[in-house]
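The block underneath contains the structure these notes are about, expressed in C-alpha coordinates.
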Number of protein chains: 2
Amino acid sequence: MTLDDAAARLEALGNPTRLNIYRTLVRAGEGGLSVSALRERVGGALSTLSHHLQKLVLVGLVIQERQGTTLICRANYDQMHGLVDYLTKECCADETDARQGDAA
Amino acid sequence: MTLDDAAARLEALGNPTRLNIYRTLVRAGEGGLSVSALRERVGGALSTLSHHLQKLVLVGLVIQERQGTTLICRANYDQMHGLVDYLTKECCADETDARQGDAA
DNA sequence: CTGAAATTCCGATATTCCTCGAAATATCGG
DNA sequence: CCGATATTTCGAGGAATATCGGAATTTCAG
(Lines give C-alpha, C1' and ligand atoms only; values in the text may rest on other atoms or scores of the structure.)
Protein backbone atom coordinates (compact mmCIF):
# COMPACT_ATOMS: atom_id res chain seq x y z
CA MET A 1 0.00 0.00 0.00
CA THR A 2 1.38 3.37 -0.99
CA LEU A 3 1.38 6.43 1.18
CA ASP A 4 -1.25 8.01 -1.03
CA ASP A 5 -3.51 4.99 -0.74
CA ALA A 6 -3.19 5.01 3.00
CA ALA A 7 -3.87 8.74 3.13
CA ALA A 8 -6.95 8.32 0.97
CA ARG A 9 -8.34 5.68 3.30
CA LEU A 10 -7.49 7.71 6.36
CA GLU A 11 -9.17 10.71 4.87
CA ALA A 12 -12.25 8.66 4.09
CA LEU A 13 -12.37 7.60 7.72
CA GLY A 14 -11.38 11.01 8.99
CA ASN A 15 -14.88 12.40 9.08
CA PRO A 16 -17.09 11.73 12.08
CA THR A 17 -20.11 10.97 9.94
CA ARG A 18 -18.18 8.60 7.76
CA LEU A 19 -16.36 6.94 10.60
CA ASN A 20 -19.70 6.39 12.24
CA ILE A 21 -21.08 4.92 9.04
CA TYR A 22 -18.15 2.60 8.74
CA ARG A 23 -18.30 1.54 12.35
CA THR A 24 -22.00 0.89 12.09
CA LEU A 25 -21.34 -1.29 9.09
CA VAL A 26 -18.68 -3.20 10.96
CA ARG A 27 -21.04 -3.82 13.82
CA ALA A 28 -23.71 -5.00 11.48
CA GLY A 29 -21.36 -7.84 10.68
CA GLU A 30 -21.38 -10.00 7.60
CA GLY A 31 -25.02 -9.43 6.88
CA GLY A 32 -24.37 -5.83 6.04
CA LEU A 33 -26.97 -3.09 5.96
CA SER A 34 -29.06 -1.48 3.27
CA VAL A 35 -28.62 2.22 2.67
CA SER A 36 -31.93 3.03 4.28
CA ALA A 37 -31.29 0.76 7.25
CA LEU A 38 -27.98 2.52 7.63
CA ARG A 39 -29.72 5.82 7.48
CA GLU A 40 -32.00 4.91 10.34
CA ARG A 41 -28.95 4.46 12.52
CA VAL A 42 -26.72 7.29 11.48
CA GLY A 43 -29.35 9.88 10.55
CA GLY A 44 -29.00 12.66 7.99
CA ALA A 45 -30.26 12.96 4.46
CA LEU A 46 -30.19 9.97 2.17
CA SER A 47 -28.31 11.86 -0.49
CA THR A 48 -25.64 12.78 2.00
CA LEU A 49 -25.35 9.20 3.14
CA SER A 50 -25.09 8.01 -0.43
CA HIS A 51 -22.37 10.52 -1.03
CA HIS A 52 -20.35 9.38 1.97
CA LEU A 53 -20.88 5.77 1.06
CA GLN A 54 -19.44 6.39 -2.37
CA LYS A 55 -16.33 7.79 -0.83
CA LEU A 56 -15.95 4.76 1.34
CA VAL A 57 -16.56 2.46 -1.61
CA LEU A 58 -14.09 4.38 -3.73
CA VAL A 59 -11.23 3.66 -1.37
CA GLY A 60 -12.32 0.07 -0.95
CA LEU A 61 -13.33 0.26 2.68
CA VAL A 62 -16.93 -0.64 1.89
CA ILE A 63 -18.38 -3.10 -0.57
CA GLN A 64 -21.86 -2.85 -2.03
CA GLU A 65 -23.97 -5.63 -3.40
CA ARG A 66 -27.32 -5.34 -5.07
CA GLN A 67 -30.25 -7.39 -3.84
CA GLY A 68 -33.24 -6.37 -5.87
CA THR A 69 -34.05 -2.76 -5.21
CA THR A 70 -31.96 -2.61 -2.09
CA LEU A 71 -28.23 -2.17 -1.98
CA ILE A 72 -26.43 -3.99 0.78
CA CYS A 73 -23.34 -2.33 2.19
CA ARG A 74 -20.64 -4.24 3.98
CA ALA A 75 -17.40 -3.28 5.65
CA ASN A 76 -14.37 -4.60 3.85
CA TYR A 77 -12.28 -5.94 6.68
CA ASP A 78 -9.32 -6.74 4.47
CA GLN A 79 -8.81 -3.14 3.50
CA MET A 80 -9.07 -2.02 7.08
CA HIS A 81 -6.59 -4.60 8.18
CA GLY A 82 -4.30 -3.46 5.41
CA LEU A 83 -4.60 0.09 6.62
CA VAL A 84 -3.94 -0.80 10.22
CA ASP A 85 -0.99 -2.79 9.03
CA TYR A 86 0.41 0.13 7.14
CA LEU A 87 -0.03 2.38 10.12
CA THR A 88 1.66 -0.11 12.39
CA LYS A 89 4.59 -0.69 10.10
CA GLU A 90 5.17 2.79 8.79
CA CYS A 91 3.98 4.98 11.57
CA CYS A 92 4.20 3.11 14.83
CA ALA A 93 7.77 1.97 14.51
CA ASP A 94 9.95 2.86 17.41
CA GLU A 95 13.71 3.05 16.89
CA THR A 96 14.01 -0.70 16.63
CA ASP A 97 11.80 -0.76 13.63
CA ALA A 98 12.98 2.51 12.24
CA ARG A 99 16.34 0.96 11.45
CA GLN A 100 15.07 -2.12 9.69
CA GLY A 101 11.69 -1.06 8.35
CA ASP A 102 13.29 1.42 6.01
CA ALA A 103 12.92 -0.82 3.01
CA ALA A 104 9.13 -0.65 3.16
CA MET B 1 -11.15 7.60 22.81
CA THR B 2 -14.34 8.97 21.34
CA LEU B 3 -15.40 8.65 17.76
CA ASP B 4 -14.79 12.32 17.22
CA ASP B 5 -11.29 12.10 18.63
CA ALA B 6 -10.51 9.18 16.38
CA ALA B 7 -11.96 10.98 13.38
CA ALA B 8 -9.89 14.05 14.14
CA ARG B 9 -6.71 12.02 14.25
CA LEU B 10 -7.61 10.13 11.13
CA GLU B 11 -8.33 13.35 9.36
CA ALA B 12 -5.00 14.77 10.48
CA LEU B 13 -3.31 11.73 8.98
CA GLY B 14 -5.58 11.67 5.96
CA ASN B 15 -3.55 14.05 3.90
CA PRO B 16 -0.56 12.77 1.93
CA THR B 17 1.63 15.68 2.95
CA ARG B 18 0.78 15.28 6.59
CA LEU B 19 1.04 11.52 6.57
CA ASN B 20 4.46 11.91 5.04
CA ILE B 21 5.42 14.40 7.70
CA TYR B 22 4.29 12.08 10.43
CA ARG B 23 6.01 9.09 8.91
CA THR B 24 9.20 11.04 8.53
CA LEU B 25 9.01 11.97 12.18
CA VAL B 26 8.46 8.37 13.17
CA ARG B 27 11.48 7.30 11.18
CA ALA B 28 13.57 9.99 12.77
CA GLY B 29 13.02 8.14 16.02
CA GLU B 30 13.32 9.51 19.49
CA GLY B 31 15.71 12.25 18.50
CA GLY B 32 12.99 13.96 16.55
CA LEU B 33 13.55 16.56 13.87
CA SER B 34 13.57 20.32 13.80
CA VAL B 35 11.04 22.04 11.61
CA SER B 36 13.66 23.01 9.08
CA ALA B 37 15.22 19.55 9.03
CA LEU B 38 11.77 18.20 8.45
CA ARG B 39 11.30 20.63 5.64
CA GLU B 40 14.43 19.43 3.91
CA ARG B 41 12.92 15.97 3.74
CA VAL B 42 9.32 16.68 2.90
CA GLY B 43 9.73 19.86 0.84
CA GLY B 44 7.22 22.68 0.49
CA ALA B 45 7.02 26.07 2.09
CA LEU B 46 7.91 26.48 5.73
CA SER B 47 4.63 28.16 6.49
CA THR B 48 2.76 25.23 5.00
CA LEU B 49 4.79 22.80 7.04
CA SER B 50 4.19 24.80 10.18
CA HIS B 51 0.49 24.75 9.44
CA HIS B 52 0.42 20.98 9.01
CA LEU B 53 2.52 20.49 12.08
CA GLN B 54 0.06 22.46 14.13
CA LYS B 55 -2.72 20.22 13.01
CA LEU B 56 -0.75 17.19 14.02
CA VAL B 57 0.13 18.74 17.37
CA LEU B 58 -3.47 19.75 17.96
CA VAL B 59 -4.67 16.16 17.83
CA GLY B 60 -1.74 14.99 19.89
CA LEU B 61 -0.01 12.95 17.25
CA VAL B 62 3.10 15.12 17.37
CA ILE B 63 4.87 16.70 20.30
CA GLN B 64 7.07 19.76 20.06
CA GLU B 65 9.84 20.77 22.36
CA ARG B 66 11.86 23.91 22.24
CA GLN B 67 15.65 23.77 22.19
CA GLY B 68 16.90 27.27 21.88
CA THR B 69 15.78 28.72 18.60
CA THR B 70 14.94 25.39 17.13
CA LEU B 71 11.79 23.46 17.75
CA ILE B 72 12.13 19.73 17.89
CA CYS B 73 9.18 17.68 16.66
CA ARG B 74 8.60 14.12 17.70
CA ALA B 75 5.98 11.55 16.87
CA ASN B 76 3.78 10.68 19.81
CA TYR B 77 3.65 6.93 19.64
CA ASP B 78 1.12 6.60 22.40
CA GLN B 79 -1.50 8.51 20.52
CA MET B 80 -0.88 6.51 17.40
CA HIS B 81 -1.14 3.29 19.31
CA GLY B 82 -4.36 4.52 20.81
CA LEU B 83 -5.70 5.27 17.38
CA VAL B 84 -4.71 1.90 15.97
CA ASP B 85 -6.29 0.37 19.01
CA TYR B 86 -9.51 2.18 18.43
CA LEU B 87 -9.55 1.15 14.81
CA THR B 88 -8.89 -2.43 15.72
CA LYS B 89 -11.54 -2.59 18.39
CA GLU B 90 -14.26 -0.51 16.82
CA CYS B 91 -13.72 -1.02 13.15
CA CYS B 92 -11.99 -4.29 12.58
CA ALA B 93 -14.30 -6.41 14.66
CA ASP B 94 -15.77 -9.34 12.86
CA GLU B 95 -19.05 -10.81 14.11
CA THR B 96 -17.37 -12.32 17.13
CA ASP B 97 -16.35 -8.96 18.38
CA ALA B 98 -19.42 -7.18 17.12
CA ARG B 99 -21.55 -8.94 19.70
CA GLN B 100 -19.39 -8.22 22.71
CA GLY B 101 -17.61 -5.04 21.74
CA ASP B 102 -20.88 -3.15 21.74
CA ALA B 103 -20.27 -1.60 25.11
CA ALA B 104 -17.21 0.28 23.89
C1' DC C 1 -47.85 -1.19 -18.13
C1' DT C 2 -48.55 1.01 -13.55
C1' DG C 3 -47.48 1.90 -8.92
C1' DA C 4 -44.36 1.71 -5.17
C1' DA C 5 -39.94 1.47 -2.98
C1' DA C 6 -34.84 2.21 -2.87
C1' DT C 7 -31.06 4.71 -4.22
C1' DT C 8 -28.42 7.91 -6.90
C1' DC C 9 -27.79 12.18 -9.55
C1' DC C 10 -28.25 17.22 -9.95
C1' DG C 11 -27.57 21.64 -8.65
C1' DA C 12 -26.68 24.87 -4.74
C1' DT C 13 -24.56 26.87 -0.62
C1' DA C 14 -21.69 27.44 3.29
C1' DT C 15 -17.63 25.91 5.16
C1' DT C 16 -13.16 24.27 5.39
C1' DC C 17 -8.64 23.04 3.45
C1' DC C 18 -4.02 23.55 1.00
C1' DT C 19 -0.71 26.30 -0.39
C1' DC C 20 2.05 30.24 -0.77
C1' DG C 21 4.95 34.60 0.18
C1' DA C 22 5.79 38.24 3.24
C1' DA C 23 5.88 40.12 7.64
C1' DA C 24 6.16 39.35 12.59
C1' DT C 25 8.07 37.02 16.61
C1' DA C 26 11.31 34.50 19.53
C1' DT C 27 15.80 33.08 20.87
C1' DC C 28 20.60 33.06 20.94
C1' DG C 29 25.68 34.88 20.55
C1' DG C 30 28.49 38.76 21.17
C1' DC D 1 21.24 46.37 21.75
C1' DC D 2 22.30 44.15 17.08
C1' DG D 3 22.44 40.68 13.79
C1' DA D 4 21.44 36.06 12.61
C1' DT D 5 18.64 32.00 12.68
C1' DA D 6 14.26 29.47 13.38
C1' DT D 7 9.47 29.36 13.32
C1' DT D 8 4.81 31.20 13.31
C1' DT D 9 1.19 34.38 11.97
C1' DC D 10 -1.26 37.00 8.45
C1' DG D 11 -3.75 37.49 4.31
C1' DA D 12 -5.25 35.51 0.13
C1' DG D 13 -6.56 32.57 -3.84
C1' DG D 14 -8.31 28.56 -5.46
C1' DA D 15 -9.95 23.92 -4.74
C1' DA D 16 -12.43 20.59 -2.32
C1' DT D 17 -15.95 19.06 1.17
C1' DA D 18 -20.38 18.42 3.65
C1' DT D 19 -24.86 18.92 3.50
C1' DC D 20 -29.41 19.40 1.65
C1' DG D 21 -33.92 18.90 -1.15
C1' DG D 22 -35.90 17.32 -5.08
C1' DA D 23 -35.81 15.06 -9.59
C1' DA D 24 -34.43 10.97 -12.06
C1' DT D 25 -33.39 6.04 -12.26
C1' DT D 26 -33.70 1.21 -11.29
C1' DT D 27 -36.07 -2.76 -9.84
C1' DC D 28 -39.77 -5.40 -8.22
C1' DA D 29 -44.94 -6.75 -7.63
C1' DG D 30 -49.27 -7.23 -9.75
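The sequence lines fix the lettering, A, B, ..., with proteins before strands; numbering per chain opens at 1.
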Would you compute the distance between atom CG of A/D78 and atom CG of A/L83 and round it to the nearest 0.5 angstrom?
12.5 Å

What closest approach, in Å, do A/T24 and A/N20 show between heavy atoms, and which atom pair accounts for it?
OG1-O, 2.7 Å

May I ask you to test the A/E90-A/L3 pair for a side-chain heavy-atom distance under 4.5 Å?
no

Nt span of DNA chain C in reach of chain B heavy atoms at under 4.0 Å, 5' end first, is C/dC17 to C/dC28

N/O to N/O distances under 3.5 Å, protein versus nucleotides 9-17 of chain D:
unit_1: D/dT9; atom_1: OP2; unit_2: B/Q54; atom_2: NE2; d: 2.3

Could you tell me how far apart B/L33 (CG) and D/dT7 (P) are, to the nearest whole angstrom?
10 Å

Just how far is it from atom CZ of A/R66 to atom OG1 of A/T70, taken to the nearest 0.5 Å?
8.0 Å

Rounded to whole Å, the CD-P distance (B/Q64 to D/dT7) equals 9 Å

Mapping A/Q67 and A/L49 to their closest nucleotides on DNA chain D, which lands nearer the 5' end?
A/L49

Under the side chain to side chain donor-acceptor pair (under 3.5 Å) test, residues paired with A/D5 that sit two or more places apart:
A/T2

Derivation and outcome, side chain to side chain contact (heavy atoms under 4.5 Å, CB included), residues A/L19 and B/C91:
CA-CA 9 Å; A/L19 184 54; B/C91 298; 4.1 Å; yes

Output a table of nitrogen or oxygen pairs between the protein and nucleotides 23-26 of chain D separated by less than 3.5 Å.
none

Could you give me the CA-CA distance, side-chain angles and deciding distance for A/L10 and A/Y86, then say whether side chain to side chain contact (heavy atoms under 4.5 Å, CB included) is met?
CA-CA 11 Å; A/L10 289 166; A/Y86 178 91; 6.0 Å; no

Which heavy atom of A/V35 sits nearest to which heavy atom of A/C73, and what is that distance?
CG2-SG, 4.0 Å

Would you mind reporting whether A/R9 and A/M1 have side-chain heavy atoms less than 4.5 Å apart?
yes

Only distances under 3.5 Å count here; give the side-chain donor-acceptor pairs of residues 43-64 of chain B to other protein atoms, sequence neighbours excluded, each with its distance to 0.1 Å.
unit_1: B/H52; atom_1: ND1; unit_2: B/R18; atom_2: NH1; d: 3.1

Find the runs of at least 3 consecutive base pairs, i with j, i+1 with j-1 and so on, that include DNA chain C, using Watson-Crick or G-U wobble geometry with both distances under 3.5 Å.
C:1-30 with D:1-30

Shared hydrophobic cluster, B/I21 / B/I72 (ILVMFWY, side-chain heavy atoms < 4.5 Å):
no

Side-chain contact test, heavy atoms from C-beta onward, threshold under 4.5 Å: evaluate it for B/L25 versus B/L33 and give yes or no.
yes

Find the distance between CZ (A/R23) and CZ (A/R41) and round it off to the nearest 0.5 Å.
12.0 Å

